[in-house]
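Contents: one structure, followed by commentary.
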Amino acid sequence: MPPVGMRPSAMHYGMRLSSRPSGIVVNFGGVSFIYDNGVFYSANDRGYEVVRPHVGMIVPSLPMGHSVMMRDGAKHYVHNGIIYSPMHRNGTVVFRIAGFI
């Protein structure tokens, strides 16, 4: 969870939290990240750091406040400069990090 009074959209890369943020674990490339409403965290020896996600990461839901954009004739979603592309996995719609703007 972001510090009290700070919205997830106000978090910036490199910001650190001393305690585990709320959110779900997303595994990518053998590394675990925490995803919480559009913010990605990585654990290190100093706590949890806000990091830029990797293209190809899959998340189960879009962050609140996302926008819709058309790219290559397909609907995508954008939040804080991250482009999410919908896809189907095991009968469920999930969202792949497709790039950045």
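Bear in mind the structure is a predicted one, so any value in this text is a computation, not a measurement.
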Test your reading of the model: is there a side-chain donor-acceptor pair from [X] to the backbone of [Y], 3.5 Å cut-off?
{"X": "Tyr35", "Y": "Ser61", "answer": "yes"}
{"X": "Asn44", "Y": "Arg46", "answer": "yes"}
{"X": "His79", "Y": "Met64", "answer": "yes"}
{"X": "Asp36", "Y": "Pro21", "answer": "no"}

If two hydrophobic side chains count as joined below 4.5 Å and joins carry through other members, does [X] share a cluster with [Y]?
{"X": "Met87", "Y": "Val68", "result": "no"}
{"X": "Leu62", "Y": "Val59", "result": "yes"}
{"X": "Val51", "Y": "Phe95", "result": "yes"}

Is there side-chain contact between Lys75 and Met70, with heavy atoms separated by less than 4.5 Å? yes
Do Tyr77 and Ser67 have side chains that get closer than 4.5 Å, going by heavy atoms?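 Answer no - side chains too far apart.
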Is the NZ or CZ atom of Arg96 both under 6.0 Å from the centre of the six-membered ring of Tyr84 and within 45° of that ring's axis?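 Judged by the rule, Arg96 and Tyr84 form no cation-pi pair.
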If I compare all heavy atoms of [X] with all of [Y], which pair ends up nearest, and what's the gap?
{"X": "Gly14", "Y": "Glu49", "result": "CA-OE2, 3.5 Å"}
{"X": "Pro63", "Y": "Asn37", "result": "CA-OD1, 3.1 Å"}
{"X": "Ile82", "Y": "Pro53", "result": "CD1-CG, 3.7 Å"}

For the pair Met57 and Phe40, evaluate side chain to side chain contact (heavy atoms under 4.5 Å, CB included) and give the outcome as yes or no after the intermediate values. CA-CA 10 Å; Met57 291 176 98; Phe40 294 81; 4.1 Å; yes
In a table with atom names and distances, give each donor-acceptor pair under 3.5 Å that connects a side chain of residues 25-34 to protein atoms at least two apart or in another chain.
| from | atom 1 | to | atom 2 | distance (Å) |
| --- | --- | --- | --- | --- |
| Asn27 | OD1 | Ser32 | OG | 2.6 |

ILVMFWY cluster membership beyond Ile83 - transitive side-chain contacts under 4.5 angstrom: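 ILVMFWY cluster around Ile83 also holds Met69, Val78, Ile101.
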Taking atom CZ of Arg20 and atom OH of Tyr41, what is their separation to the nearest 0.5 Å? 10.5 Å
Evaluate the side chain to side chain contact (heavy atoms under 4.5 Å, CB included) criterion for residues Val50 and His12: first the C-alpha distance (whole Å), next the side-chain angles of each, then the deciding distance (0.1 Å), finally the verdict. CA-CA 7 Å; Val50 177; His12 60 274; over 6 Å; no
